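Model, not experiment: these values are computed from the prediction.
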Amino acid sequence: MRWSGWAIRTGVVVGGVLAAMGAAALVPANAPAGPVAAAPQPKPAVKAPVTKAPVPPKPAPAPEPQLVVKRILDIPGPIRFGEYFWDAEGIPADGPLTITIDLEAETMSVFRDGYEIGATAILYGADEKPTPLGLHKITQKKVHHISNLYGAPMPYMMRLTNDGVAIHASEVEMGAATHGCIGVPLPFAKLLFAQARLGDRVIITRGKRLGMGGVIAGS
């Protein structure tokens, strides 16, 4: 359009000049020159208005599933540091997995379709690097992982946050702490790693406990 438009405009000017020269040849030399009509100018093109398609509203996010506690493992007394329990016999392997962590009780529970299949004592973040509360999801799994921040091994790592908080195997001992991570005994970490999938929910609370018939919600 840029070249063809230039050619049209040039043709109009040249045509006007040639027409004027032809008319002058017919006028006697001593005759008064008459008015020369101006060459017609092309009308500017009118652009059609551009209509934007309406942007459809974003669909509302689906609510997090809520599971009812259908079974609690029969554990005699409080769970000691380094101790764990696991029983997934008879529980459907394709049910949703949910992990709950109570920092006050220093324990973790693993539920498959509402049935508790695992429980253990944990380590969690010290005051200067607290473990974040709330709903998280497993975003990465790695058997052999080394912390990018501290250079420490994190076996059977299951990442929860982008800044390095994860569930991983640790020496779970009285008085120990982590840099925000959740530390569990190595045998328990192996069992959990084999069961957990990317996207599984991990709910971290302080002082919230669940019993039979309780609702596991995403908060």
Side-chain angles (χ1 to χ4, degrees), residues 64 67 69 72-88 96-112 115-211 214-219:
E64 292 291 343
L67 301 177
V69 177
I72 297 292
L73 290 175
D74 185 13
I75 299 174
I79 304 176
R80 296 186 295 270
F81 286 101
E83 191 175 34
Y84 72 93
F85 298 85
W86 192 273
D87 181 9
L97 187 83
T98 303
I99 301 168
T100 64
I101 297 167
D102 182 359
L103 300 184
E104 183 177 282
E106 300 180 283
T107 57
M108 170 189 291
S109 290
V110 181
F111 292 88
R112 170 72 74 188
Y115 297 88
E116 188 179 35
I117 61 174
T120 187
I122 64 166
L123 300 180
Y124 62 95
D127 293 340
E128 63 272 13
K129 185 61 176 178
T131 298
L133 302 178
L135 171 64
H136 307 275
K137 293 187 178 182
I138 297 175
T139 59
Q140 183 188 11
K141 294 174 61 182
K142 191 174 181 181
V143 174
H144 304 290
H145 181 70
I146 303 296
S147 171
N148 297 327
L149 296 175
Y150 307 105
M154 300 168 62
Y156 296 93
M157 184 274 297
M158 290 160 276
R159 185 181 301 278
L160 303 182
T161 70
N162 292 333
D163 60 352
V165 175
I167 299 170
H168 61 82
S170 294
E171 293 291 336
V172 183
E173 301 174 344
M174 175 73 74
T178 70
H179 293 285
C181 290
I182 302 295
V184 297
L186 177 59
F188 186 89
K190 292 180 179 180
L191 290 168
L192 179 57
F193 192 92
Q195 294 278 331
R197 301 174 182 175
L198 298 182
D200 284 344
R201 298 185 304 162
V202 179
I203 304 170
I204 304 177
T205 64
R206 185 180 292 277
K208 291 186 178 181
R209 294 171 177 80
L210 289 167
V215 175
I216 304 173
S219 61

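Nearest heavy-atom pair across Gly118 and Trp86 is CA-CE3, 3.6 Å. Taking every heavy atom of both residues into account, Leu123 and Ala176 meet most closely at CD2-O, 3.6 Å. Closest heavy-atom contact between Thr139 and Leu198: C-CD2, 3.6 Å. Contact record, Cys181 with Gly164: SG-O, 3.5 Å, taken as the closest heavy-atom pair. Closest non-hydrogen pair, Asp102 versus Lys208, comes out as OD2-O, 3.7 Å. Contact record, Ala121 with Ile79: N-CG2, 3.6 Å, taken as the closest heavy-atom pair.
For Lys141, the NZ atom is densely surrounded, since the number of other residues' heavy atoms within 6.0 Å is greater than 12. In this structure, Asp163 places its CG atom where more than 12 heavy-atom neighbours from other residues, nucleotides or ligands lie under 6.0 Å away.
Of the residues listed (Thr98, Ile101, Leu135, Val110), the one engaging Val202 in a side-chain contact (heavy atoms from CB on, under 4.5 Å) is Ile101, and it is the only one.
Remark: side-chain polar atoms of Gln140 are not paired, donor with acceptor, to backbone N or O of Arg159 under 3.5 angstrom. Side-chain N or O atoms of Thr178 include one that pairs as donor or acceptor with a backbone N or O of Gly125 at under 3.5 Å. Panel note: side chain Asp87, backbone Ile117; no donor-acceptor pair is recorded below 3.5 Å.
Taking NE2 of His168 as the start and NE2 of His145 as the end, the distance is 9.0 Å to the nearest 0.5 Å. Summarising the geometry, atom CZ belonging to Phe85 is positioned 8.5 Å from atom CG belonging to Leu73; distances are rounded to the nearest 0.5 Å.
Using a 4.5 Å heavy-atom cutoff, the side chains of Phe81 and Glu106 are in contact. Contact of the Met108 side chain with the Ile167 side chain is registered, since non-hydrogen atoms from C-beta on lie closer than 4.5 Å. Two residues are said to be in side-chain contact when any heavy atoms from C-beta on lie closer than 4.5 Å; Phe188 and Val172 fail this criterion. Taking 4.5 Å as the limit, every side-chain heavy atom of Leu97 sits out of range of all side-chain heavy atoms of Arg197. Taking the side chain as every heavy atom from C-beta outward, Ile203 and Ile99 never approach each other to under 4.5 Å. Looking only at side-chain heavy atoms (C-beta outward), Tyr84 and Val184 stay at 4.5 Å or farther from each other. Leu186 has its side chain within reach of Tyr156: a pair of non-hydrogen atoms, C-beta onward, lies under 4.5 Å apart. The side-chain heavy atoms of Thr131 and Thr161, taken from C-beta on, include no pair separated by under 4.5 Å.
Taking the salt bridge (Lys or Arg N to Asp or Glu O under 4.0 Å) definition, one finds that Glu104 meets it with Arg209, sequence neighbours left out.
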